Number of protein chains: 2
Amino acid sequence: MSSCDTCVVRNRAICSGLDDAELVSLNNMGRRRNVTAGEPLIWEDDDSLLVANVIEGVLKLTTSTEDGREQIVGVAYPSDFIGRPFGQTSSASVVALTDARVCVFSRNDFDRFAREHPELEHKLLERTLAELDRTRSWMMLLGRKNASEKIATFLLEMSERLADSTCTAATGPAKRFSLPFSRQQVADLLGLTIETVSRQFTKLKNDGVVELPSRREVEIVNRGALLALAG
Amino acid sequence: MSSCDTCVVRNRAICSGLDDAELVSLNNMGRRRNVTAGEPLIWEDDDSLLVANVIEGVLKLTTSTEDGREQIVGVAYPSDFIGRPFGQTSSASVVALTDARVCVFSRNDFDRFAREHPELEHKLLERTLAELDRTRSWMMLLGRKNASEKIATFLLEMSERLADSTCTAATGPAKRFSLPFSRQQVADLLGLTIETVSRQFTKLKNDGVVELPSRREVEIVNRGALLALAG
DNA sequence: TTGCATTTTTGACATCGGTCAACGTCGGGG
DNA sequence: CCCCGACGTTGACCGATGTCAAAAATGCAA
């Protein structure tokens, strides 16, 4: 029995749509790997040696300047594809934010397999186009929104993304959730400093828009206010 | 004779790699269209009705907030593909920056054709992955660079992109070029105001890093200094 | 439980870039 | 050739956000 049979993202990841024989041969190429929170999987500017599907957990994609400034340029959730196929180097580092489980492939093997399986390439194309859309809307946030708009947008996005990954049914955005980010990571995602993030969180709490039961927990009390703030 | 035979981007656009018969059928689906500077081709949030290859000219991809703030989220040069295949709505508006010539297809026709031609989908995938890389490195600029770093990075990128599209040989980055952007558009690209852009240009001129013979012309006098400033 | 390292919050202050307003310059059309 | 409107530059000022420092909270481990 291939491990794909028990894979929880089997029907959402790019492997969906492959027939049994294809799945067996893809399965033979890849292997499961556990990554602990904080552990890197791919390094920026390194040769692109591996690609992967996220099975469980959340990972960040980052780029850094020489002097150590960091920008989170993407976040990968279960069923997302990570790594840079068909390219020599990867343009971002990938680091686990939570303990995670991924299904990794050598890039060369994956490239070859993908080129022989148009349906897989199509899935990857759809995913990449959707990711590009998301990335572009994040550019608007980074370039044109102020701190409170950024935080509001971020919380709304979190409440949607985290609902999707925890519930199988479409139960709508989560009212309460646990952030997979530290304050510093929120800052790196929004192009702010940790102090500004902290002050904006405090302000939302004081204004009764959210509750913050613990460092990572968020409860949205007034979604309408958040929507208005997000602009 | 199909118009593809005389297409100047024939060997660089996603159509490269198609055989003669495929090219004829693609050609029958599409049509040439001229777009004058400032003219929109695709509207944000509209149904995605058409996609296109850029033959000549430069176009901007933008997203806007309700209150009129604009962020340029991409720039399309000759041989680039624009529009949102395999999706219901397009996440960005496309507007010509210069007079341009494009090869447009109905999205439905294109989607169908693409699904039947894996080689074309593969080209589109490679292009989309490369665009995602570029977009992510622009996120670092928007989120973490200051005004002078943004301007320096922008000028270096222009000198590379504009060299590519004007010279067939790889002559390296252009020392002198004509910006396809107004000052306001540069601001919209970098997440700045027009005043800050203007002041930074003036500073670079006063520091002897660039010459600005006219509004749109730029000559890079000291590339090393720009590289250092870009961070 | 206590102690300690880490993360987060808070405060005081500095500064970069935005805002508003005036002026200058360019270039196309009459 | 000149005028006019659009575009760009410059200056004065302001405020949002960054910086630096210290205190507080958290949570892990002994």
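Quantities reported herein were computed from a predicted structural model and do not represent experimental measurements. Lettering of chains follows the sequences in order, A, B, ..., and the numbering in each one begins at 1.
Ion pairing between a basic and an acidic side chain is recognised when a charged N comes within 4.0 Å of a carboxylate O; A:K205 and A:E211 show no such pairing. Between A:R134 and A:E157 there is no salt bridge, since none of the side-chain N atoms of the basic residue sits less than 4.0 Å from a carboxylate O of the acidic one.
Annotation: cation-pi pair B:R161/B:Y77 absent, no NZ/CZ under 6.0 Å from the ring centroid and within 45° of its normal.
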Expected string for nucleotides 13-28 of chain D under the B/S/- scheme (protein heavy atoms, under 4.0 Å, primed atoms plus P, OP1, OP2 as sugar-phosphate) is ----SSBB----BB--
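Rounded to 10 degrees, the angle separating the terminal helix axes of the helix from C:dT1-D:dA30 to C:dG30-D:dC1, each built from five base pairs, is 30°.
The two residues B:R33 and B:P40 have their closest heavy-atom pair at NH2-O, 4.2 Å. Taking all atoms of both residues into account, the shortest heavy-atom contact from B:L61 to B:A92 is CB-CB, 4.3 Å.
Looking at A:S148 and A:K203, their side chains never bring a donor and an acceptor atom within 3.5 Å of each other.
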Would you tabulate the side-chain donor-acceptor contacts of residues 42-51 of chain B under 3.5 Å, counting partners in other chains and residues two or more places apart, or write 'none'?
from	atom 1	to	atom 2	distance (Å)
B:E44	OE1	B:S64	N	3.1
B:S48	OG	B:R84	O	2.7

Mind listing the side-chain donor-acceptor pairs of residues 184-195 of chain B below 3.5 Å, one per line with the distance, residues two or more places apart or on another chain?
from	atom 1	to	atom 2	distance (Å)
B:Q184	NE2	B:D188	OD1	3.1
B:Q185	OE1	B:S182	N	2.9
B:D188	OD1	A:R144	NH2	2.9
B:T193	OG1	B:T196	N	3.4
B:T193	OG1	B:T196	OG1	3.1

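Listed by first then second residue, pairs satisfying ring-ring contact (aromatic ring centres under 6.0 Å, His included) with a partner in residues 134-159 of chain B read B:F154-B:F181, not counting sequence neighbours.
Protein chain A contacts DNA chain C from C:dT7 to C:dA12, reading 5' to 3' and using non-hydrogen atoms of the protein with a distance under 4.0 Å.
We find the CG-CG distance between B:L179 and B:L155 to be 7.0 Å, quoted to the nearest 0.5 Å.
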